[in-house]
Structures are given as C-alpha cells and as structure tokens.
Amino acid sequence: MNKTNQTSTRREFLRQSALTCGTTVASMAVIALILPDDAYAAGTTSEYDWDKHRWVYLIDTRKCIGCGSCARACRKENQVPEGMYRTWIERIAIPPEGEVHVDSPYGGEHGFEPDPPNAHVRKSFFVPKLCNHCSNTPCTQVCPVGASFETNDGVVLVDPKQCIGCGYCLQACPYGSRFMNPHTRTADKCTLCYHRITKGLPTACVQACPVGARQLGDRKNPNDPVNEILATQRVQVLQQQLLTKPQCFYLGLDMEVR
Amino acid sequence: MGHELIGFLFPNDVHIHWTLMIVLYPYVTGLVAGAFIVSSLYHVFDREELKPLGRFALAASFCFLSVATLPLLNHLGHPERGPMVVVTPNFSSAMAGFGILYASYFLVVILEIWFVFRADMIRYAAESRGFKRMFYATLALGVYDTSEEARALDHKITRILAAIGIPMACLLHGYVGFLFGALKSNPWWSTPLMPVIFLFSAVVSGIAVLIVLYQLAMKIKGMPIERETISALARWLWLFMIMSLTLELLEIMTLAYEKAEEWEVIGPLLANQLSISFISVQMVLGGLIPLILLGIVVVMGAYMDDRIRNTLSMVASLLLLMQVLAMRWNVVIGGQMFSKSMRGFRDTYVPGMFEKEGILAAAAILILPFLLLVVFERILPTFDHLGQKTGDLNLDLDSEPRLG
C-alpha cells in the first residue's frame with residue numbers, strides 16, 4: 001500500500017466516522033427534544049393538556065380547625081411512609097408576652113390536644129403546610145440529574161425512576177417539604193395529587209377538608225373562585241424573603257409563621 | 001435513635017439526611033487538593049526543599065482521589081444511578097459539575113503520575129523479568145524512550161500538568177464548598193465564604209497529612225527526615241492554618257456582630273449542639289494549640305533540635321487533621337442540627353457503629369487510601385530516586401523489552 005493510498009483511506013475513514021457520530025448525536029438530540037412531553041403525557045389522560053392549566057393552592061388559615069383529615073387523606077391516597085409528611089398542620093400559639101409556641105404532633109395527623117400549651121394564649125391558629133410548588137424552585141435547581149422537575153402546569157415533581165437519592169433537594173428546600181422515602185430510597189414530596197388533578201379531581205387533602213380551608217385553583221381558568229380570591233384579597237406566601245415564588249398562597253397568615 | 005428534639009422542628013426535618021459519609025467526602029477531597037498543591041510547589045515552583053515529597057505528594061493525592069467517590073456512592077439511595085450525574089447532568093445543579101471536575105482532575109493526576117514515573121517504569125521493566133517486566137512495560141504504555149530529550153520533555157509536561165492541576169484542585173475543592181455555600185435554605189451554610197474556607201482547610205489537611213506520612217515513611221524506610229523539608233512544610237502549614245482559622249472565625253463573628261437573623265439559630269447551635277466539636281475541637285484543640293506549636297517551629301526553628309521540630313510538627317499536624325475533620329463535621333452535621341423552622345434543634349447526632357453509613361464504614365473508607373498508598377509505593381517507589389544520582393539511566397533496552 002503506497003502512502004497516498006493510505007492517506008486517502010484514512011481520510012475516508014475519518015469522514016465516515018464523523019458522519020456516523022454526527023448522525024448519532026443529531027438523532028439523540030431529536031429524541032431528547034421529543035421525549036419529555038410524550039413521556040409525561042403518557043401518564044395522564046389523553047384529553048388532558050398541561051399547557052391549558054396552571055395549578056395554584058390556597059389555604060385559608062382562618063378556617064382550619066386542625067382536625068388532621070387532610071394529612072390522613074394524603075397518607076392514604078399517596079401511601080406516604082409513617083414518620084414522613086407530604087402535608088402537615090402546625091398549631092401556632094402566640095402569648096401576649098414570651099415565646100411563641102409551635103407544635104405539630106405527628107404532623108397534626110391525629111388532630112391536636114384541646115388544651116392550649118400556654119393558658120394565657122389569646123391568639124392561636126392552625127397552619128396547614130405542604131410543598132409550595134414554587135415557580136422559582138431551589139429544589140429542582142439543585143437536582144444533579146434533573147429527576148426533580150417542574151411540569152408545564154406548575155407542579156414540582158420527582159421522578160422516582162431517575163432520582164439517585166443524593167438528598168440535595170431535601171437540603172435546598174427551605175420549607176422542609178421533602179423527605180427521603182425509605183422504601184424507594186428516593187426523594188419524595190407532595191405531587192399536588194397529580195394523578196388526580198389531571199383527571200379533573202381535587203387533591204386528596206382538598207377533598208378531605210371539612211371546612212374548605214384548602215382549595216385548589218387553576219390560574220388559566222377564568223371562572224375559578226381561587227383566582228377571584230387571589231385577585232381581590234390580600235394573600236401571603238411562606239418565607240417570601242427567599243424569593244422562591246411559592247404557588248401556595250395563604251389567607252390570614254401571621255408574621256410568626258415560617 | 002435516642003435523640004431529643006428541642007423546640008419545634010418541621011416534621012420532615014427530624015432526620016439527618018447527610019450523614020458521616022458527607023462529612024468524609026469533603027475531607028477526602030480536601031486531602032487530595034492539599035497534597036496536590038504541595039506536589040505542585042515542587043513541580044511548578046521548584047521549591048527544592050520539597051523535592052523529597054514531590055512524587056510522594058502526587059501519589060498520596062492520587063490515592064485519596066481514588067476513594068473520593070466511595071463515601072458518595074455509599075450515601076446515595078441509588079448508587080447504581082450515580083453515573084447518571086455524568087451521563088445526564090442537569091447543569092443548573094452545582095452537583096452536576098462533579099463528574100466533569102472529578103474526571104478531568106483524575107485525568108490530570110494520572111497523566112502527571114505517568115510522566116513523572118515514566119523513566120522509572122522503564123527502568124523497572126529493564127531490571128526485571130517475566131510477569132513483572134510485562135507489568136512495568138504495560139505501565140509504560142510501550143514507550144521506552146529514556147533519552148535526554150525525552151526526559152526533558154517529560155519534565156516539561158509534568159510542569160505544565162502540575163500547573164494546570166493547581167487551579168483544578170482549587171476548583172474541585174472550592175466546588176465542594178460551593179455545594180453548601182450556595183444553598184439559601186440553610187443559614188449555617190449559605191455564605192460566599194464557604195468555598196474559600198473549604199479550600200484553605202483543604203490545603204491545611206493536605207500539608208498536615210504529608211507531614212505525618214513523610215515522617216512515618218522515612219522512619220519505615222530508615223531514611224533521614226530532611227530538616228528543610230519539615231521546616232518548609234511547617235511554614236506553609238502555619239500560613240494556611242492561620243488563613244483558614246481566620247476565615248472560619250470571620251464568618252462566625254460577622255454573623256454574631258450583625259445579629260443577623262441567622263444568628264437566632266447559629267448562636268444557640270454553637271453554644272449547645274456544637275460546643276464541643278466547634279469551640280473545643282475546631283477552635284481550641286485543633287486551632288489554637290497547633291497555631292502555637294507551629295509558631296514555635298517557625299519562629300525558633302533555627303535553634304531547634306531536629307527531633308523536637310519533627311515532634312512538634314507531627315503533633316500539630318495530627319491536631320490539624322482532627323481540626324479539619326471537625327470543621328467538615330460542624331458544617332455538614334451542624335447544618336442539619338436545626339430545623340428550617342428556625343425554632344427547633346436536635347440535641348445530638350451520633351452515627352451508629354455498624355449502620356450502612358456508620359462509623360465502621362467511615363473508618364474503612366478513611367483507611368483505604370493509606371493502604372492504596374502502600375501498594376503504590378510498592379509498585380512505584382516515590383522516595384528511591386532521592387538516593388540516586390539523576391544522571392543518564394543508560395538502559396540496556398532495545399525498542400521493546402524482551403518479554404519472558
């Protein structure tokens with residue numbers, strides 16, 4: 001084999017390899033572009049279009065009676081492991097002087113003891129908590145593999161098939177909304193009952209609340225009563241100073257609630 | 001677990017998610033970065049007094065680097081998915097940088113080792129027979145050129161790699177600090193000082209471990225402990241520990257003086273949960289005492305008996321190794337001793353002896369790099385070249401070693 005011949009074969013080889021590599025990368029890119037939407041659309045009903053909804057959550061702390069029905073419903077609906085909480089209820093008791101008392105025995109799941117912890121307390125109320133489904137999420141930002149993500153309709157989810165279980169998102173969430181599921185060994189959190197809301201059902205907690213303290217709203221539905229409240233009343237979010245833009249809004253929050 | 005909760009914790013905050021393994025991970029990478037920087041002080045900046053350690057420090061860095069991922073893998077809920085951090089990284093996550101940083105740094109270290117030890121590998125291949133010869137010939141990757149020019153080139157490449165390695169070591173370890181420092185959810189972690197503190201304490205631990213290992217290695221090999229080497233290491237260690245300690249104190253003092261909202265949890269945290277590990281161990285026993293001991297070595301070094309200098313620097317180094325470990329503990333565990341409700345604390349956290357991420361597993365991971373180092377030393381001795389003249393190797397090697 002002479003030298004020229006060798007060079008041309010090599011050039012040919014390089015050209016072929018470049019072509020193969022290029023085609024592979026291009027097709028992978030196309031697959032990557034198509035895949036996410038398809039994959040998640042597959043889990044929902046065919047008529048559901050996630051671009052037509054924007055879920056928000058509204059909690060009226062003035063209505064909550066601390067019965068714990070929501071937390072029990074959540075555990076049952078989502079098989080939440082014992083000792084872990086996708087939602088919980090806090091009781092805040094603020095005496096005229098001295099320390100604020102906060103408690104949440106078993107996440108408030110079994111209700112609260114009737115006696116106030118401090119007899120002098122004149123301001124006491126319940127605050128249900130859950131994932132705030134922030135639109136500027138610190139938790140999805142830190143996920144090293146993108147297993148935690150935000151859906152187009154505004155729900156923050158974890159894909160248990162991708163989660164590596166590093167726990168970085170647990171550390172990044174300022175609200176303590178996430179936990180490590182001991183069975184799946186992956187990060188777990190409130191899904192806003194995505195399997196229900198995409199079928200037109202309310203979340204388990206909203207359905208279980210006997211006093212209507214919890215409401216699910218859809219920002220893209222002009223007739224949604226939650227939109228009316230958000231538009232006309234003074235609402236607050238938790239830890240506003242962190243600028244995570246929670247999509248879970250509160251009525252009647254006190255400055256002592258964190 | 002036998003721990004008590006004080007005040008109100010968010011119900012999901014009663015668990016310690018990042019355990020002893022996450023304490024070890026920055027500790028081990030710190031040793032990597034520190035040892036590498038010492039090696040580079042010789043290879044790049046020609047600090048002749050560090051010549052005895054130039055190769056050894058590189059080997060130590062490599063051995064620590066080899067085990068650096070183990071604590072992480074042991075921690076992951078799904079270690080089998082660990083490689084996905086490299087395969088499908090989510091670049092908005094600081095952690096996604098890990099694979100790239102780690103892999104490229106590993107590459108630099110391996111390449112540097114190859115160029116530093118290349119002539120040795122060829123010599124060992126030439127001097128031995130059979131399997132051993134084949135082994136060294138394989139290590140040398142079939143290149144048997146030990147001419148003057150080839151070795152000059154080795155030298156040049158080594159210097160370039162060592163130079164590239166410095167910013168990379170800084171990146172690798174600064175990145176570890178960044179993982180903590182860039183989380184706004186945690187007031188004990190969230191500070192731009194965190195990467196810098198991690199970096200300086202990394203260098204401290206790296207130099208300290210080299211002082212200990214160098215003295216041990218010389219004892220074992222029956223070689224003299226060079227006065228200049230120990231003096232130089234002690235000087236560098238003193239400098240870096242002062243900087244590291246200053247930064248650690250600055251962070252606390254700023255928070256305390258500002259009476260920032262963070263202080264509401266950090267004040268009680270330091271006074272109670274971390275009183276022993278932070279104040280007693282990190283600041284006094286591991287901070288103040290080595291500061292004094294090394295100060296003596298540095299200031300009065302010229303009048304000092306070698307044995308006293310060696311002992312003082314050995315004790316200071318051991319204390320500093322403990323200090324840096326305590327610092328990692330205080331950051332990682334300390335940051336999880338309070339709830340994000342900012343109203344409640346755990347009273348203690350004691351890792352179990354036999355659990356998956358417990359004390360025994362941690363000890364095994366910590367011992368492993370030292371065992372690796374012994375093996376490395378067997379294969380590619382790092383001190384032997386010191387005794388020899390660095391003249392021509394004058395090998396009786398043809399283009400290929402005769403196998404068999």
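All of these numbers come straight from a predicted model, not from anything done at the bench. In what follows, every chain begins at residue 1, and chains take the letters A, B, ... in the order their sequences are listed.
- The SG atom of A/C173 lies 8.5 Å from the CG atom of B/D13; values are rounded to the nearest 0.5 Å.
- Heavy atoms closer than 4.5 Å to chain B are found nowhere in A/Y106, neither backbone nor side chain.
- Between B/L183 and A/A172, the closest heavy-atom pair is CD2-CB, 3.7 Å.
- Proximity to chain A (any heavy atom under 4.5 Å) is restricted, for B/S341, to the backbone atoms N, CA, C and O.
- Here B/S92 is the residue among B/A182, B/G97, B/S92, B/A96 with the most heavy-atom pairs under 4.5 Å with chain A.
- Atom NZ of A/K245 has 12 or fewer neighbouring heavy atoms from other residues, nucleotides or ligands inside a 6.0 Å radius.
- Contact of A/E109 with chain B is not made at all, since no heavy-atom distance falls under 4.5 Å.
- Contact of the A/T244 side chain with the B/K184 side chain is registered, since non-hydrogen atoms from C-beta on lie closer than 4.5 Å.
- For the pair A/W88/B/N12, a side-chain contact is recorded, criterion being any heavy-atom separation below 4.5 Å from C-beta on.
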Dump the intermediate steps for side-chain contact (heavy atoms from CB on, under 4.5 Å) on A/Y175 and B/K340, then the final yes or no. CA-CA 7 Å; A/Y175 305 100; B/K340 287 163 185 160; over 6 Å; no

Could you walk me through whether B/L179 and A/Y168 pass the side-chain contact (heavy atoms from CB on, under 4.5 Å) check? CA-CA 9 Å; B/L179 284 183; A/Y168 203 14; 3.5 Å; yes

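- Contacts with chain B were tallied for A/T184, A/V100, A/I164; A/I164 has the most, counting heavy-atom pairs under 4.5 Å.
- When all heavy atoms are compared, the tightest approach of B/P11 to A/G107 is CG-CA, 4.4 Å.
- Summarising the geometry of B/W18 relative to A/C166, their closest heavy-atom pair is NE1-O, 2.8 Å, with the distance given to 0.1 Å.
- One distance of note links CZ of B/F91 with CD of A/Q141; it measures 14.5 Å at 0.5 Å rounding.
- Within the 3.5 Å criterion, the main-chain N or O of A/V142 finds a donor-acceptor partner in the side chain of B/S93.
- For the pair A/F149 and B/N90, the minimum side-chain heavy-atom distance is 4.5 Å or more.
- Applying the 6.0 Å contact sphere to CZ of B/F178 captures no more than 12 heavy atoms from other residues, nucleotides or ligands.
- Using a 4.5 Å heavy-atom threshold, the side chains of A/P144 and B/F98 count as separate.
- Within 6.0 Å of atom CG in B/L193, more than 12 heavy atoms from other residues, nucleotides or ligands are found, so the atom counts as buried in its surroundings.
- B/H17 contributes atom NE2, which lies 6.5 Å from atom CD of A/Q171 (distance to the nearest 0.5 angstrom).
- Note on A/R258 versus B/E261: no salt bridge recorded, every NZ/NE/NH1/NH2 to OD/OE distance being 4.0 Å or above.
- Applying a 4.5 Å heavy-atom cutoff, the residues of residues 67-84 of chain B that approach chain A are B/H75, B/L76, B/G77, B/H78, B/R81, B/G82, B/M84.
- Note that CZ of B/F10 is 15.5 Å distant from CZ of A/F179, once rounded to the nearest 0.5 Å.
- The pair A/E99-B/R343 does not count as a salt bridge, with every side-chain nitrogen at least 4.0 angstrom from each carboxylate oxygen.
- Contacts of B/S190 classified as side chain to side chain contact (heavy atoms under 4.5 Å, CB included), with partners at least two apart in sequence or in another chain: none.
- For A/P160, the part lying under 4.5 angstrom from a heavy atom of chain B is the backbone only.
- Comparing A/C163, A/A187, A/P138 by heavy-atom pairs within less than 4.5 Å of chain B, the highest count is held by A/C163.
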